[in-house]
Amino acid sequence: MPWKAVRDPYAVWLSEIILQQTRVAQGMPYYERFVETYPTVTDLARAEDDAVMKLWEGLGYYSRARNLLRAARMVANDHAGHFPDTYEELLSLPGVGPYTAAAIASFAFDRQVAVLDGNVYRVLARYAGDATPTDGSRGRKHFQDLVDAAMGDTPAAAFNQAIMDFGALVCTPRNAACAACPLSAKCVALNTDRVYDLPVKAKAVARRTRHFHYLVVEDRGHVLLQQRTEKDIWQNLYEFPLIEADRTALRVEQLIALPAWPDWLPPSRITPEGRSTIYRQILSHQTILAVFHRIKCEAPIEFPEHLVRVDRQARSLYALPRVINRYLEEKALTLDL
DNA sequence: AATTCGTGGAG
DNA sequence: TCTCCAAGAAT
C-alpha cells in the first residue's frame with residue numbers, strides 16, 4: 001500500500017477512515033484522489049461540503065465523509081493543523097473510534113496500543129479456538145485483552161501491521177492458507193477442524209425492502225435534484241424528487257393520487273413519458289427497489305428552495321447514490337440534456 | 001446494547 | 001441469485 005511506509009498522521013488518518021469496512025482495492029483510488037485534491041489536512045478543512053461528498057461518491061457509509069470534514073476542521077482550527085498524538089485525544093475526533101485511534105496512535109506516533117479489527121478478531125479467535133461472539137461489548141473487551149497480551153512489549157506499529165497483514169493474507173475468511181501457516185501446529189481451530197466456524201458472530205443481518213419512485217422532471221432541458229437531509233440512508237447526497245411507496249408497480253398516474261405527491265408539481269402541467277425498469281440496490285440493512293419516471297414539464301414550474309435545477313455541471317458538483325448513477329449511465333443521460 | 005449507516009467482490 | 005463480509009463508528 002502506498003501509505004504503508006508513511007508516518008504522516010494526515011495520510012494515516014485519511015487511509016484508515018477510507019478503509020473502515022472497505023476493501024483495500026475499493027478504497028485505494030479514493031485515497032489517491034483525496035491526497036491529490038487535498039494534500040494537507042488544512043486543505044481539506046477549507047473544502048466545501050458538497051465537494052468532499054462528491055469525492056467520496058460511490059464509496060458508501062457517507063457519515064465517514066461528513067465526519068472526515070468535521071475532524072479536519074477541528075484539527076485545523078483547534079489544533080493548529082496538527083493531529084493530536086495520543087489515543088484518547090484521537091478518539092475524540094468525529095469518525096475516529098477505538099480501531100482508528102489505535103491505528104493512528106501506533107503508526108503515526110509510535111504509541112504502544114494494539115488495534116482490534118476484523119483481521120485481529122479472526123486470527124485470535126482461530127488461534128485460541130475462542131468462540132466468544134465478536135459482536136457485542138463483551139466480545140470486544142475480551143479480544144482487546146487478548147490482543148493486548150499478545151502484543152506485550154513488541155513495538156506496536158510493527159505488531160499491528162503484522163497481525164492485520166497476517167489476517168488479510170494468510171488467516172483469511174475463506175480458503176485460509178493453513179498448509180503454509182507458521183502457527184498451524186498450535187492453532188486450536190485448525191487442530192479441532194473449526195477454522196471456518198470461527199470467529200463467531202451472534203447476530204445475523206436483517207434486511208427490509210423499500211420501494212422508491214424517482215421523478216425525473218425535465219424542465220426545458222434541465223433536471224431537478226434535491227438533497228437528502230433526513231436521518232436516513234445517503235444523508236447529504238442528492239437525488240431526484242422521491243416518492244416512497246409500498247410497491248414498485250405504480251405509474252405516474254397513480255403516484256399523483258398519493259399524499260406524497262409534491263404540491264409544486266401540478267399534474268395539469270406535466271406529461272408522463274414512461275417508467276424505467278426496476279433497479280435494485282442492496283445496502284447493508286436495506287434493499288432498495290427504484291423506479292425512474294420520466295416526466296416532461298409542459299410549462300415552467302416554480303419549485304421550493306430545497307430543490308436545485310441542475311445545469312451541465314451537475315454531475316461534477318453533486319454526489320449521487322449509486323442507484324441514481326447506474327440509471328444515468330444505463331440511459332446514457334448526463335443530466336445535461 | 002442493539003441498530004443503522006454502502007458498496008462491491010468472492011464463492 | 002444469495003450469503004458473507006471488508007483496516008468500524010455513531011446513536
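Numbers restart at 1 for each chain; the letters A, B, ... are given by sequence-line order, proteins then strands.
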* Starting at atom CD of A:Glu57, determine the distance to atom P of B:dG8, rounded to an integer number of angstrom. => 11 Å
* Asked: Among B:dG6, C:dA9, B:dG8, which nucleotide sits nearest the side chain of A:Thr100?
  -> C:dA9
* To do: Answer with base, sugar-phosphate or nothing: what part of the nucleic acid does A:Asp135 contact at a heavy-atom distance below 4.0 Å?
  => nothing
* NE2 of A:His285 versus C1' of C:dG8: gap in Å, rounded? -> 13 Å
* Structure fact -> Taking C:dA9, B:dG11, B:dA1 as options, the one with an atom nearest any side-chain atom of A:Gln20 is C:dA9
* Distance, rounded to the nearest Å, where A:Arg140 contributes CZ and C:dA9 contributes P -> 9 Å
* Among B:dG6, B:dC5, C:dA6, the nucleotide that comes nearest once only the side chain of A:Arg64 is considered -> B:dG6
* To do: Ignoring the backbone of A:Lys203, work out which of B:dC5, B:dT3, B:dT7 is nearest its side chain.
  => B:dT3
* Asked: At under 4.0 Å between heavy atoms, what does A:Val115 touch on the DNA or RNA strands: base, sugar-phosphate, or nothing?
  -> nothing
* Would you kindly give the CE-to-P distance between A:Met53 and B:dT7, to the nearest whole Å? => 11 Å
* To do: Let me know the distance between OH of A:Tyr99 and P of C:dA6, rounded to the nearest Å.
  => 13 Å
* Check: A:Thr192 side chain, A:Val188 main-chain N or O, donor-acceptor pair, under 3.5 Å -> yes
* **A:Tyr121 OH to C:dC4 P, straight-line distance once rounded to whole Å** => 19 Å
* Could you work out which one of B:dC5, B:dG11, B:dG6 sits closest to the side chain of A:Gln286? => B:dC5
* Side-chain N or O of A:Tyr61 less than 4.0 angstrom from OP1 or OP2 on B:dT4? -> no
* Same apolar cluster: A:Leu198 and A:Met164, side chain cutoff 4.5 Å -> no
* Where each residue is assigned the nucleotide of DNA chain C containing its nearest heavy atom, which of A:Arg23 and A:Arg70 is assigned the position nearer the 5′ end? -> A:Arg23
* Structure fact -> Note: A:Val12 and A:Ala103 closest approach over all heavy atoms is CG1-O, 4.3 Å
* **A:Ile295-A:Phe303 co-clustered via ILVMFWY side chain contacts under 4.5 Å** => yes
* To do: Under 4.0 Å between any heavy atoms, over every strand shown, what does A:Asn160 touch: base, sugar-phosphate, or nothing? Just pick one.
  => nothing
* Structure fact -> The residue among A:Ile256, A:Val291, A:Leu255 that forms side chain to side chain contact (heavy atoms under 4.5 Å, CB included) with A:Leu250 is A:Leu255
* Taking CH2 from A:Trp13 and P from C:dG8, how many angstroms apart are they, rounded to a whole number? -> 17 Å
* Asked: Base, sugar-phosphate, or nothing: which does A:Leu59 touch, judged by heavy atoms less than 4.0 Å apart?
  -> base
* Asked: For residues A:Gln20 and A:Thr100, is any side-chain donor paired with an opposing acceptor at under 3.5 Å?
  -> yes
* To do: Can you tell me, in whole Å, how much space there is between the P of C:dA9 and that of B:dG8?
  => 22 Å
* Asked: Taking only N and O in the side chain of A:Trp56, is any of them less than 4.0 Å away from OP1 or OP2 of B:dT7?
  -> no
* Aromatic ring pairing A:Trp13/A:Phe83, orientation class (parallel under 30°, perpendicular over 60°, tilted between) -> tilted
* Indicate, with a heavy-atom threshold strictly under 4.0 Å, whether A:Gly58 touches base, sugar-phosphate, or nothing. => sugar-phosphate
* Asked: A:Ile282 CD1 to C:dC4 C1': how many Å, rounded?
  -> 12 Å
* Asked: Is the shortest side-chain N/O distance from A:Ser63 to OP1 or OP2 of C:dA10 below 4.0 Å?
  -> no
* May I ask you to verify whether the side chain of A:Thr22 and the base of B:dG6 hold a donor-acceptor pair under 3.5 Å? => yes
* To do: Among the candidates B:dC5, B:dT7, C:dA9, find the nucleotide nearest to the side-chain atoms of A:Ile233.
  => B:dC5
* Structure fact -> Per atom distances to the A:Arg280 side chain, the nearest of B:dG6, C:dT1, C:dA9 is C:dT1
* Nearest of C:dA6, B:dT7, B:dG9 to any side-chain atom of A:Arg122? -> C:dA6
* Just compare B:dA10, C:dG8, B:dG8 and give me whichever is closest to any side-chain atom of A:Gln26. => B:dG8
* Asked: Which part of the nucleic acid, if any, lies within contact of A:Gln235, taking any heavy atom under 4.0 Å across all strands shown: a base, the sugar-phosphate backbone alone, or nothing?
  -> nothing
